[in-house]
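Data block below; observations after.
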Amino acid sequence: QRMPHRGVLALYRELLALRRTHAALRGRDRASFTVQQLTDDAFALRRRHGDDRLLLIVNVRGELSLDLENTGLLDDSGEWRVLLWSEAERFGGTDPGARCDGGRATLPSPGALLLEG
């Protein structure tokens, strides 16, 4: 009931709810996802099912500022919006938040940024 345990529980609950409800997580075959190393300290996992897409960027050290247009992970089908930042206050984190603006993802610290497109 106290932080940081309450925050971890909230993160797990939100992730489990996404697993139950988000269409991009329904596909179970190898063609439904791709993984790509972005830097020595970061990688991306992209999931898709039909027109539904999720992009998870995981950063394990320092700050990360990444031009997603140059990674080959994006396509021409619209904007990506932040769905979840693992280091948000509601999960016990203290970071002001990761963001994705105009094809640039910024993670101010180690953590996981989940984008929906």
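Heavy-atom basis, side chains included; hydrogens, waters and symmetry copies ignored.
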Quick one: closest heavy-atom pair of [X] and [Y], and the distance?
X: T21; Y: R26; value: O-NH2, 3.5 Å
X: I57; Y: L38; value: CG2-CD1, 3.9 Å
X: V58; Y: A112; value: CG2-CB, 4.3 Å
X: P108; Y: W85; value: CD-CZ2, 3.9 Å
X: V35; Y: F43; value: CG1-CD1, 4.4 Å

Notebook entry, point to check: Would you call L113 and N59 a side-chain contact if the rule is heavy atoms closer than 4.5 Å?
Noted result: no
Check: Any side-chain heavy atom of L115 within less than 4.5 Å of one from V82?
Finding: yes
Note to self: Let's go through L83 and L18 carefully: what are the C-alpha distance in whole Å and the side-chain angles of both, what is the deciding distance for side chain to side chain contact (heavy atoms under 4.5 Å, CB included) to 0.1 Å, and is it a yes or a no?
What the structure shows: CA-CA 10 Å; L83 197 58; L18 278 170; 3.8 Å; yes
Given the rule that I, L, V, M, F, W and Y join up when any side-chain heavy atoms are under 4.5 Å apart, are [X] and [Y] in one cluster?
X: L11; Y: L56; result: yes
X: L114; Y: L107; result: no
X: V60; Y: L66; result: no
X: L68; Y: L84; result: no
X: W80; Y: L64; result: yes

Notebook entry, point to check: Going through the distances and angles, do R19 and L16 end up as a side chain to side chain contact (heavy atoms under 4.5 Å, CB included)?
Noted result: CA-CA 5 Å; R19 188 169 132 187; L16 288 169; 4.2 Å; yes
Notebook entry, point to check: Take atom CZ in R104; do more than 12 heavy atoms of anything else shown fall under 6.0 Å from it?
Noted result: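 Count over threshold, so yes.
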Margin query: Counting only heavy atoms not in R90 (residues, nucleotides, ligands), do more than 12 fall under 6.0 Å from its CZ?
Written below: yes
Item checked: Fellow cluster residues of M3, listed by chain then number, with links counted only when side-chain atoms sit under 4.5 Å apart -> none
Notebook entry, point to check: So which pairs with a foot in residues 105-117 pass side chain to side chain donor-acceptor pair (under 3.5 Å), sequence neighbours left out?
Noted result: H22-E116, R81-E116, D95-S109
Notebook entry, point to check: Please, which pairs that meet side chain to side chain donor-acceptor pair (under 3.5 Å) have at least one residue in residues 28-38, sequence neighbours excluded?
Noted result: none
Notebook entry, point to check: So Q1 and R6, side chain to side chain contact (heavy atoms under 4.5 Å, CB included) or not? Walk me through it.
Noted result: CA-CA 5 Å; Q1 295 183 5; R6 184 176 66 229; 5.8 Å; no
